[in-house]
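These values consider heavy atoms only, across backbone and side chains, with no hydrogens, waters or symmetry-generated copies.
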Amino acid sequence: MKTKSLTALAISVILAAGTVVPLAACSSCDHVLDYYPEVAATCVEDGHCEYWQCEKCGKYFKDADATKETDYESIVLQSKGKHSYVQGDYHEATCSEAGYWEQECSVCGDTTPKTDTANPALGHIFTDDSEYCERCGHTRIDYTLSDDGTYYIVTGLNDTTITDVVIPSEHTALGDETALPVKAIGDKAFQNQYKITSVSFPDSVTSIGAYAFYNCQALTEISIPGCDIGSFAFAYCKAATSVTIGNEAPVCIGQSAFASDTSLETVTFEGEVASVGKKAFEYCTALKSISITGSAEEIGADTFYECKSLTSVSLGSSLKTIGENAFFECSSLASITFPDGLETIGDDAFMYCDALESITIPDSVTNLGFGVFYLCTGLKNVTIGSGVTLMANSVFFGCKSLESVTFKVTTGWSVSDLAWGSTQTPVYTAVDSSSLTGPSTAAETVREYEAYRWVRS
């Protein structure tokens, strides 16, 4: 506890606990003292005596009048540097925990450490088709009852020898007669389970938690009901070749849900997609095509980042925004059809998409972000819709094959050569509308001002 003093020139007053007093002046410094009450040393942390310290000169004193100078080493109360533990009861090993001795510090009562013995966890015993461990009664699959007591959540795997996981549609706890539905897979439930090759889900499952199957590197096929899919839920499942998602409910795909599934070739949505989180399919380098239907209004940032085998994409009619870097370096992407209703295409969205040859920007789009088609070296034909009023810097930078650009609106355009991100006030130069009326001359004009920012009044 630290309390602020008055000036050292004031007359001293009676010091109560934690009270600050004015102190007498000294010849070299008009001390302004902070008071520190005593703090006892513990087994492992130093304490200190009661002391005062001057804010100006930093000197330490034992009294409130600043007449008894001391140093820091003299006020420190040294700790013992360790606890004095006494061994307590022994706990026998169980199926899931090693045996250990309780320990308690005889000085402060700390009971943090538990000393493991040479007796490791015993492991569960599952025989034949028994669902329950013979020793402890745990199930092969671990469950937790939901907070409202109406359904079960899968939280882990007790039988680690299982390679083909079958999740039931309902579960009955040992000693209970009531079966309740299994509706969720909990966070990290099967994380790093390297032996799992397949998982069967019931239609009752409505959510799969974050990291639920993260790094399940032997999982080859993923077929799940329409449900919410948490962040990183199936990321780094590097053997998975296909994903099928059912139509039980609109699908919400979390951030990086399938990221770095490098063998993933096909993704099939049997129902609607409500949302696609950023980086959802990042580094899925074998993914060839995808069709996103439903009510999703945004393709998040980096969603298909470096999906280098992706050749075609179909986008839902509700889509309004394509996020930055969404298709960055999708170097095999030969075609994409933008839905009417799309409004914004973010920065670098299609950068390095070398295979793109033809693009039509719908009339609903108003903004094209920085470098949207940056270094799309195969791009030949572009149509710019009537709604576009802003093309940020370098939208078509390095598009050396550009032959035809059709502006649906050729008047009112001007350009500024300010660098992207510049804080200076831009000065715009009008673009001669006649240079934009013909597709070939428009292409030449676009290449001439390829690094510039375009706006239309």
Which of Phe234, Tyr283, Phe232, Tyr236 passes ring-ring contact (aromatic ring centres under 6.0 Å, His included) with Phe258? It is Phe234
Checklist line | Qualifying residue, where the test is ring-ring contact (aromatic ring centres under 6.0 Å, His included) with Phe328 and the options are Tyr305, Phe304, Tyr374, Phe373 | finding: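 Among Tyr305, Phe304, Tyr374, Phe373, the one meeting ring-ring contact (aromatic ring centres under 6.0 Å, His included) with Phe328 is Tyr305.
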Checking His48 against Tyr72 for the side chain to side chain contact (heavy atoms under 4.5 Å, CB included) test, could you report, in this order, the C-alpha distance in whole Å, the side-chain angles of both residues, the deciding distance, and whether it holds? CA-CA 9 Å; His48 57 75; Tyr72 183 75; 5.9 Å; no
So the salt bridge (charged side-chain N to carboxylate O under 4.0 Å, His left out) pairs with at least one residue in residues 302-315 (sequence neighbours excluded) are Lys308-Glu329
Next item on the list: Determine, step by step, whether Phe201 and Phe213 satisfy the ring-ring contact (aromatic ring centres under 6.0 Å, His included) criterion, reporting the C-alpha distance in whole Å, the side-chain angles of both residues, the deciding distance to 0.1 Å, and the verdict.
Entry: CA-CA 13 Å; Phe201 296 89; Phe213 294 88; 5.7 Å; yes
What distance do [X] atom [atom1] and [Y] atom [atom2] have between them, rounded to the nearest 0.5 Å?
{"X": "Glu403", "Y": "Asn381", "atom1": "CD", "atom2": "CG", "result": "6.0 Å"}
{"X": "Ile153", "Y": "Leu145", "atom1": "CD1", "atom2": "CG", "result": "8.0 Å"}
{"X": "Thr94", "Y": "Leu122", "atom1": "OG1", "atom2": "CG", "result": "6.5 Å"}
{"X": "Asp432", "Y": "Thr410", "atom1": "CG", "atom2": "OG1", "result": "9.5 Å"}
{"X": "Ser242", "Y": "Glu265", "atom1": "OG", "atom2": "CD", "result": "9.0 Å"}
{"X": "Ile253", "Y": "Thr303", "atom1": "CD1", "atom2": "OG1", "result": "9.0 Å"}

Compare every heavy atom of [Y] with every heavy atom of [X], then report the nearest pair and how far apart it is.
{"X": "Asp46", "Y": "Ser79", "answer": "OD1-N, 2.9 Å"}
{"X": "Ser207", "Y": "Cys227", "answer": "N-CB, 3.9 Å"}
{"X": "Tyr152", "Y": "Ala173", "answer": "OH-CB, 3.5 Å"}
{"X": "Leu180", "Y": "Gly149", "answer": "CD1-O, 3.6 Å"}
{"X": "Val405", "Y": "Ala442", "answer": "O-CB, 3.2 Å"}
{"X": "Leu219", "Y": "Cys237", "answer": "CD2-SG, 4.3 Å"}

Are [X] and [Y] close enough that some pair of their side-chain heavy atoms sits under 4.5 Å apart?
{"X": "Ser332", "Y": "Leu310", "result": "no"}
{"X": "Arg456", "Y": "Val388", "result": "no"}
{"X": "Asp187", "Y": "Tyr211", "result": "no"}
{"X": "Glu104", "Y": "Thr111", "result": "yes"}
{"X": "Tyr143", "Y": "Thr155", "result": "no"}
{"X": "Thr127", "Y": "Glu134", "result": "yes"}

Is the side chain of Asn393 donor-acceptor paired with the backbone N or O of Ala451 at a distance under 3.5 Å, no angle test?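 Such a contact is found between Asn393 side chain and Ala451 backbone.
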Using the side-chain hydrogen bond (donor to acceptor under 3.5 Å, both in side chains) criterion, which residues pair with [X]? Sequence neighbours excluded.
{"X": "Thr429", "value": "none"}
{"X": "Tyr132", "value": "none"}
{"X": "Ser146", "value": "Asp148"}
{"X": "Ser457", "value": "none"}

Practice item. Mind running side chain to side chain contact (heavy atoms under 4.5 Å, CB included) on Asn215 and Tyr194 for me, showing each step along the way? Key: CA-CA 7 Å; Asn215 204 32; Tyr194 302 125; 3.4 Å; yes
- request: Mind telling me whether Trp454 and Tyr449 have parallel, tilted or perpendicular rings, with 30° and 60° as the class edges?
  value: perpendicular
Got a sec, which pairs hit side-chain hydrogen bond (donor to acceptor under 3.5 Å, both in side chains) with one end in residues 158-183, sequence neighbours left out?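 Matches after skipping sequence neighbours: Arg140-Asp159, Asp159-Thr161, Asp164-Thr197, Asp164-Ser198.
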So, for Phe350 and Phe338, is the gap between ring centers shorter than 6.0 Å?
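Centroid distance Phe350-Phe338: below 6.0 Å, so yes.
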